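Treat the numbers as computed from the prediction; the structure is a model and nothing was measured. Just follow the structure's listing: the first ligand is 1, and inside any ligand the first atom is 1. For the single chain, residues carry numbers from 1 onward in sequence order.
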Amino acid sequence: MSHEKKNIIHFEKVTKKFGGMAAVDNVSFDVEDGEFVFITGPSGAGKTTLLKLILGEISSSSGEVIVDGVNVENLKEKELPYFRQKIGIVFQDFKVLPQRSVSENIEVALAVTGVDEAQWQERIKHVLKLVGLSRQEDLFPSQLSGGELQRVSLARALSVNPKLLLADEPMGNLDWETSDSIMQLFEKINKEGKTIVMATHNLEIVKKYKKREIHIVGGKIN
Ligand SMILES: Nc1ncnc2c1ncn2[C@@H]1O[C@H](COP(=O)(O)OP(=O)(O)O)[C@@H](O)[C@H]1O
Ligand SMILES: [Mg+2]
């Protein structure tokens with residue numbers, strides 16, 4: 001048996017054009033299983049586009065995107081739900097459903113990714129404990145702070161037990177202290193074995209947490 005580190009993400013000369021403009025321009029990089037990497041760069045650099053390529057939400061104009069050994073472009077319709085269970089994602093604006101309680105928000109994610117209903121309650125309890133929100137299970141988003149909303153969105157992403165967690169400016173709407181506590185939560189999640197790819201332009205966070213940085217400007221790594 002091999003004990004070599006495996007690449008969970010492999011980009012080979014990937015370009016994504018919108019019209020004539022390359023939002024991601026001939027980009028190659030790898031992310032190892034278990035790593036925590038930052039994707040940095042100014043607004044408009046191509047960070048979100050890169051995350052969408054990993055998710056298979058958009059397809060590349062040229063090049064190869066391999067996630068956990070699978071060429072994302074070749075996925076068939078019926079393989080998509082299983083593939084999506086491998087990847088969790090959180091966003092700057094949390095994207096929680098305002099009319100649903102904390103636990104119902106997580107149920108929706110479990111339902112759309114096809115997790116067996118018999119497992120839902122146990123999964124919900126587990127992830128809410130992990131993010132420190134066990135007591136808020138029945139509250140609604142309007143009753144929660146920004147930091148708590150990001151914890152809900154993290155719990156929801158983790159509920160399907162993904163190997164890979166993508167985060168797109170997850171601290172963009174939070175003050176420093178809250179950002180720092182959310183970042184510590186990401187650290188804990190990473191130490192428990194999840195690979196994390198986080199797009200951020202929060203330079204204080206990048207400086208303090210010292211992860212490998214994939215820096216892009218104008219769609220190019222530099
Ligand atoms: N769906 C789209 N259609 C056209 N242009 C897009 C689309 N999505 C992103 N872009 C453009 O691609 C570039 C990179 O955008 P994005 O990946 O969102 O950057 P970042 O997340 O680093 O701010 C920007 O110039 C943006 O306007
Ligand atoms: Mg973005």
N, O or S atoms of the protein lying under 2.8 Å from the Mg ion (ligand 2):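 Checking every protein N, O and S atom gives T48 OG1.
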Over-ring placement of K16 relative to F18, 6.0 Å and 45° cut-offs: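 Because its charged atom sits under 6.0 Å from the ring centre and within 45° of the axis, K16 does stack over F18.
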K211 charged N/C atom sitting above F38 aromatic ring, 6.0 Å / 45°: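 Output no; distance or angle outside limits.
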Residue from V206, N222, I221 passing side-chain contact (heavy atoms from CB on, under 4.5 Å) with H215: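 One option only clears the test, and that one is N222.
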Test applied, side-chain contact (heavy atoms from CB on, under 4.5 Å); reference residue, F11; option that passes from V31, N26, L50: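 When side-chain contact (heavy atoms from CB on, under 4.5 Å) is applied between F11 and each of V31, N26, L50, only L50 qualifies.
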S153-Q150 side chain donor-acceptor pair, cut-off 3.5 Å: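 Side chains of S153 and Q150: pair found under 3.5 Å.
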Donor on one side chain, acceptor on other, Q92 and N173, under 3.5 Å: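 A pair is found: one side chain offers a donor N or O, the other an acceptor, under 3.5 Å apart.
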Short N-O contact, D168 and K47, less than 4.0 angstrom: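 No, D168 and K47 are not salt-bridged.
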Salt-bridge criterion met for E35 and R212 (N-O under 4.0 Å):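 Salt bridge between E35 and R212, a charged N being under 4.0 Å from a carboxylate O: yes.
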Straight-line distance of M183 CE to N190 CG, nearest 0.5 Å: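 Reported value, rounded in 0.5 Å steps: 8.5 Å.
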Residues lining ligand 1 [heavy-atom distance under 4.0 Å, listed by chain and residue number]: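 Those residues closer than 4.0 Å to ligand 1 by some heavy atom are F18, M21, A23, P42, S43, G44, A45, G46, K47, T48, T49.
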